[in-house]
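Following: one structure in structure tokens, then a few remarks.
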2 protein chains.
Amino acid sequence: MAGTDKKRALVLIADGTEEMEAVITIDVLVRAGIEVTVASANASESTAESVKCSRGVRIVPDTHLSALPVPTPSDADQSHCYDVLMIPGGAPGAKTMAASLLVHQWVQAHYARPGVLLASVCAGPTVLKAAGVAKGAKATSHPSVKDELKDYFEYRDDLSGSAIVVKDERHELLTSRGPGSTFELALRIVEELHGQEAREAVRAPMMFP
Amino acid sequence: MAGTDKKRALVLIADGTEEMEAVITIDVLVRAGIEVTVASANASESTAESVKCSRGVRIVPDTHLSALPVPTPSDADQSHCYDVLMIPGGAPGAKTMAASLLVHQWVQAHYARPGVLLASVCAGPTVLKAAGVAKGAKATSHPSVKDELKDYFEYRDDLSGSAIVVKDERHELLTSRGPGSTFELALRIVEELHGQEAREAVRAPMMFP
């Protein structure tokens, strides 16, 4: 975030969000010293309610998205701005977010701010399309939503290794393919915000195969 | 579970549990059609309370462990028995479980039942030692707790690829090393309960790098 050293991330969840995609991202970013806010994008604005994820894990969000002030380009107060906005997949969660005008506002607001990263995995990129941002960007997704996205993005697939995360520089967009690619996506976010050394410092103790 | 086709898993969590290790396991098992119960092993027996994991993710358990009947070897009613008991890591969560006599009872009860798998990752195997089961078994853990475990288990490290999951046949024990090895552990549980084909059916759509 401009003006402070502490980087900040906003992760959106809704009923039906893929819990691994949300939790791997949150956890890896926290390990990198990034302050993470987990916001519910459910239609109900209750902040007390847990979010029921795609395989039944119930997560208590830090807040409801409606309780946060939407950042504007001319905002002098940047205390509520984020360095990265992350949208996980899970088809029902992504559908809820894609249908939410509030989520559109947030995605558009982050997209409009220079230096702010959008990150998304699995069915999450359908939310970016619904919000009308990053059209023509190099992007990927879970194959199950390729048909919805292939004419909107410069669609990439048949990716492997660390190339499973697609970066579009101009649109400041990072996307990847499914829960199994989320570690790579989260580590790439760390690298973008804090550099290669920080990525390795976070990666090593997690003991990958 | 004996007597039905539906396999059942019990996953323990407590404040400080590594959320990725819990959530990856739960999610992958549910994808394989396994019924998963997430039980809090916190000292407080409130079932309404969320569990605050190691990197701040708050998970609402299905129940508190104290609300479930401990299986006994002579039990005629097997409706509350599980095919696998999974203990994730996260040092503070594992410490809470290692200090809990109720957790010891559960671990011992599962260990005593033939055909029931114990699975554990990261700092989780310290709980098995505290409960006094599987002594001498081939096992691994996160390197940070190797010193506590190397004289109790036939300790294995320097493992890579799918060998990062260590199986001890006689003790029906599966262990692995850290959050980055949890996908392998969870897929191995699926393979043990449902076979190689089920493992691949669950693995493929997750889009690993």
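These numbers come from the heavy atoms of this one structure, side chains and all, not from hydrogens, waters or symmetry mates.
If you tally non-hydrogen atom pairs under 4.5 Å between each of A/V36, A/T182, A/V30, A/V165 and chain B, the highest count goes to A/V30. Between chain A and the residues B/R31, B/K52, B/R203, the most heavy-atom pairs under 4.5 angstrom are made by B/R31.
Listed for the B/R58 side chain is a donor-acceptor partner under 3.5 Å among the backbone atoms of A/P61. Using modelled atom types, no side-chain atom of B/H142 and backbone atom of A/M206 make a donor-acceptor pair closer than 3.5 Å.
At a threshold of 4.5 Å between non-hydrogen side-chain atoms, the residues B/M207 and A/P143 count as touching. Contact of the A/V57 side chain with the B/V38 side chain is not registered, since no non-hydrogen atoms from C-beta on lie closer than 4.5 Å. In this structure, the side chains of A/E19 and B/I26 stay at 4.5 Å or more apart for every pair of heavy atoms. The closest side-chain heavy-atom distance from A/V28 to B/M20 is below 4.5 Å. The shortest distance between side-chain heavy atoms of A/F208 and B/R177 does not fall below 4.5 Å.
Heavy atoms of A/E184 lying under 4.5 Å from chain B belong exclusively to its side chain. If you measure heavy-atom distances from A/V23 to chain B, the contacts under 4.5 Å come from both the backbone and the side chain. Of the atoms belonging to A/I24, heavy atoms from both backbone and side chain fall under 4.5 Å from chain B.
Heavy atoms of other residues, nucleotides or ligands lying less than 6.0 angstrom from NZ of A/K167 number more than 12. Residue B/E197 qualifies as open at atom CD: its count of foreign heavy atoms under 6.0 Å is 12 or below.
Closest of all the heavy-atom pairs between B/I164 and A/P209 is CD1-CA, 3.7 Å.
To the nearest 0.5 angstrom, A/I59 atom CD1 is 11.0 Å from B/S50 atom OG.
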